[in-house]
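What follows is one structure encoded as structure tokens, with my remarks underneath.
Within every chain, numbering begins at 1; the chains are lettered A, B, ... in the order of the sequence lines, protein sequences first and strands thereafter. All values below were derived from every heavy atom in this structure, side-chain atoms included, with hydrogens, water molecules and symmetry-related copies excluded.
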Amino acid sequence: MERKVFEHINEEIYYEKLDNGLDVYIVPKPGFNKYYATFTTKYGSIDNKFIPIGEEEMITVPDGIAHFLEHKMFESEEGDVFNDFSKYGANANAFTSFNRTAYLFSCTDFFKENLEILLNFVQEPYFTDENVEKEKGIIEQEIKMYDDSPDWQLFSGVLDNMYKDHTIKIDIAGTVESIYKINKELLYQCYYTFYHPSNMLLCIVGDVDVNQTLDFIKKNQDDKDFKEMKELERNYIFEDNNVDVKDNAKKMAVQVPKVIIAVKNGEANLLGKEAIKRELAVGVLLDFIFDGSSEFRETLIKEKLINATFSYELSFEYSFGHVLIGGDTKEPEKFISRIKDKLLDLGKMDLNEEEFKRIKNKSIGGFLSSLNSPEFIANQFTRYKFNDVNLFDALDILEEITLEDVEKVKDIFVEDAISVMKIMPE
Amino acid sequence: MNYVRFNENGYRIHVITTDKFKTAQIHLRFMAPLERETVTKRSLLPFVMKAATENYKSKREVSKKLDYLYGASLSAGVTKYGKASVISFRMNLANEKYISGANNLFNDSLDFFSEVIYNPKLVNDGFCKEVLDEEKRLLNDEFESIYDDKIRYSLNKLTEHMCEGENFQLRAIGVKEDIDNINEVDLYNYYKEVLNNDFIDIIVVGDVDANEIKDSIKKHFNFEGDRNSISIVDKEERKIKEVRYFKETQNISQGKLNVGYRTHIRRNEEDFFPLIVMNGIFGGNPSSLLFRNVREKHSLCYYVASRLDNNKGLLQVYAGIETENYQVALDLIREQLKDIQDGNFDEDSIELSKIAIINNLRELQDKLSANAEYFYLMTITDKSYTLDDYMELVNNVTKDEIVRVANKIKEDTVFFLTNEVNE
């Protein structure tokens, strides 16, 4: 077991890779009541094409199957897994994203019991024709809930615009049509390929006894058999930064137009420190342009082009990455043109040392605040690890970033990389 | 964790000390009756105060100042607690010891906080008109955005219909039509009233020393004076003769069903504890009857849950369903409540509900703001349960008590947001 200490933020982390390939990380949090654990597989909605375990040929699976699988995991032969967690006072949940699926619980007592339930239910799939059928009605309602969400439609619309072939275009929950093609055989195929321990990460955050916890996990895993797993063959699609569709709109029952402007990142094949540095540098650049202390933000407000819904974010993962800027606006065309003009003219923008220092201080402060949250630690830790970086090292990298690093990433903002999506009132 | 409350003349200082967080929080809350004449002013005021001060004359200046305070943040808002409207400010700041060069951060932050409260940007006898106009625009937009979130919108509509003619129908956000009529002089005069008359609570959470904090607060703020605290519990109730049904159509994909009940129980009554355990069994978590039967067994929805407002005595169920399943879903929801009223539920489900409530309480202790909220709520409802008291009272709830409180519950109103196709 490895131990790494981060003195100046008063955190430490323990790590071990088990015999079956499972990565286990434990972050002690003395004094916290809550224990939080996530058990995540590096499998999400973009993984629709792969070579199933023990086979030779690539297969393509129906849209929404990773998410469907997530739902079905909670049903075991004995019944509803939520009930098992409830007995020990735990709150359990799960989520499926583009490139990972996480199962998690939080509790303030019976940590070992709940951890055992987590490890067991995720490693014991139980799919029947009947329980698969039943889930379709529920997921259909989930899809419709998202159909009625203007913010979600905005988001998925612009992703569809940006990418030509990348499977990020697929809705995470699938469509009503695609989920009806899912059956238990397909679920098992996906499960046995991606839920192999060597493709998974267990992260525990809380006031635990590290050695006891690790021993407990090892014993649980040693009692189980897993098929030999060679390298997982995925089908990553790497696109350049040219967007497929530059502009699109949809009408919905809203009172105010909603706009999102996306910028596609062409260099999505980076991993490790290089990837994180680029991500953090873009984050700093975005703060320079858009944060509450920027001149541009003040202009947008004075011109009444934005309100409290204005936001910006970036999402850089392996094989895809983009920056998103948007919000509600009463003058969509003017808003879009202001933002685009700004983004395409970053050469003129003066990035001075003082502003840079201010933004760095703010980011560091924000990071510290996030470390109060076990959820943040576990989820972000897993995400960074799947991209080959340690979350706590990211703080170091942030502190090391130079103005030059930030200047360099201005090159992301080019005309062909920009796509716009609008949701308009009917 | 340690809690200390200092009862001063006209205000209270609460200090919650704990060393497990890397940041600290300072809350400043102003309480006044929820009233038609002042509700919208109270919704605008905190944002106007936060937008510009004499020394930080724009949002941009305020933002820069906060950035220099190592990424401190300041948020403002207004919330309804039963009969009261509470204006709140909250400042988050990093704990000095984790940042080199940040000694005096706490004091500097309080200086700034005090500036925001006492020194808003003024022009002649009122607030700066430009600043006020901007906040009016943003508040207008906030009203409009509620319409776009269908789940939130339909739940609001349920409450609006249920509480027709009652004070509670007033929302903390105010009344949209009032906005244009509020001018900068009126609002400034009202601001002075708020500072002089509102009852004030200051809550600090973090790795701090209670007495040092008290001294620091008193150095930066002066709230001495005779102020009346308010009882927040709202017992006003329209007489229910029969259930009322309301429907609205929009171009949406999924129907939003909302059912409202009166519990006839308030948070400061003994029946409060059986009620929250009952709600856990009914629809408060994934082991509840609503989740297990309406969602899992009959596949009628993805989300279905129930929530309580214990200052007003309301229980509300909300679910997203296929529009043609309206009657089926409504019948099923009613059936779950009836089962509880008839005692058709086992001891296991009582245990599960209690465990969930206690677990949630303990988890909340790991969140700065939840700690502040817990003690604030205790204080303003005149209860002084320690966390252990609270948990014991939950554990002592019996099946008979649950059945008894369930039978106090009366269905009041149904609101259904649906689409044209199935009207």
- Honestly, the part of Glu426(A) sitting under 4.5 Å from a heavy atom of chain B is side chain

- Message: If I measure from the heavy atoms of chain B, does Pro374(A) come under 4.5 Å with its side chain, its backbone, both, or neither?
- Response: neither

- Proximity breakdown for Ser86(A) and chain B, heavy-atom pairs closer than 4.5 Å: both

- Query: Are the side chains of Asn92(B) and Ser369(A) in touch, meaning some heavy atoms are under 4.5 Å apart?
  - Reply: no

- Note on the structure: d(Arg358(A) CZ, Ser63(B) OG) to nearest 0.5 Å is 6.5 Å

- Message: Do Ile358(B) and Asp109(A) make a side-chain contact, defined as non-hydrogen atoms from C-beta onward lying under 4.5 Å apart?
- Response: no

- Part of Lys357(A) within contact of chain B (heavy atom distance under 4.5 Å): neither

- Message: For Lys251(A), is the NZ atom crowded, meaning more than 12 foreign heavy atoms sit under 6.0 Å from it?
- Response: no

- Which portion of Asn91(A) sits near chain B, non-hydrogen atoms under 4.5 angstrom: both

- Item | Toward chain A, the part of Lys354(B) with a non-hydrogen atom under 4.5 Å | neither

- Against chain A, label Glu134(B) side chain, backbone, both or neither, depending on which of its atoms sit under 4.5 Å from a heavy atom there. side chain

- Task: Answer with side chain, backbone, both or neither: which region of Glu7(A) has an atom nearer than 4.5 Å to a non-hydrogen atom of chain B?
- Result: neither

- For Glu354(A), is it the side chain, the backbone, both, or neither that has a heavy atom closer than 4.5 Å to a heavy atom of chain B? both

- For Glu303(A), look at atom CD and say whether over 12 heavy atoms of other residues, nucleotides or ligands are found less than 6.0 Å away. yes

- Query: Which bit of Ala90(A) comes within less than 4.5 Å of chain B, counting heavy atoms only: side chain, backbone, both or neither?
  - Reply: backbone

- Which bit of Tyr36(A) comes within less than 4.5 Å of chain B, counting heavy atoms only: side chain, backbone, both or neither? neither

- Message: At a 4.5 Å cut-off on heavy atoms, which part of Asn360(B) comes close to chain A: side chain, backbone, both, or neither?
- Response: side chain

Please list every donor-acceptor pair under 3.5 Å in which a side-chain atom of residues 289-297 of chain B meets a protein atom from a residue at least two apart or in another chain.
| residue | atom | partner | partner atom | Å |
| --- | --- | --- | --- | --- |
| Arg292(B) | NE | Ser287(B) | O | 2.8 |
| Arg292(B) | NH2 | Ser287(B) | O | 3.3 |
| Asn293(B) | ND2 | Gln336(B) | OE1 | 2.7 |
| Arg295(B) | NH1 | Tyr302(B) | O | 2.9 |
| Glu296(B) | OE1 | Lys134(A) | NZ | 2.9 |

- Message: Under 4.5 Å from any heavy atom of chain B, what part of Lys29(A) do you find: side chain, backbone, both or neither?
- Response: side chain

- Crowded around Tyr88(A) OH? As in, over 12 foreign heavy atoms under 6.0 Å? no

- Counting only heavy atoms closer than 4.5 Å, note whether Ile357(B) contacts chain A via side chain, backbone, both or neither. neither

- Item | Pair Thr23(B), Asn372(A): side-chain N/O donor-acceptor within cut-off below 3.5 Å | yes

- Query: Quick one: does Lys330(A)'s side chain get under 4.5 Å of Arg137(B)'s, heavy atoms only?
  - Reply: no

- Message: Using side-chain heavy atoms (C-beta onward) and a distance below 4.5 Å, is Asp148(B) in contact with Gln255(A)?
- Response: yes

- Identify which part of Leu368(B) has an atom lying under 4.5 Å from any heavy atom of chain A, answering side chain, backbone, both or neither. side chain

- Task: Using the salt bridge (Lys or Arg N to Asp or Glu O under 4.0 Å) rule, collect all pairs that involve residues 142-154 of chain A, keeping only residues at least two apart or in two chains.
- Result: Glu140(A)-Lys144(A), Lys144(A)-Glu322(B), Asp148(A)-Lys256(B)

- Query: So what's closer than 4.5 Å to chain B heavy atoms on Ser294(A): side chain, backbone, both or neither?
  - Reply: backbone

- Item | Engaged part of Lys22(B) at the chain A interface, taking heavy atoms whose separation is under 4.5 Å | both

- Query: Given a strict heavy-atom distance threshold of 4.5 Å, which part of Ile301(A) is in contact with chain B: side chain, backbone, both, or neither?
  - Reply: both

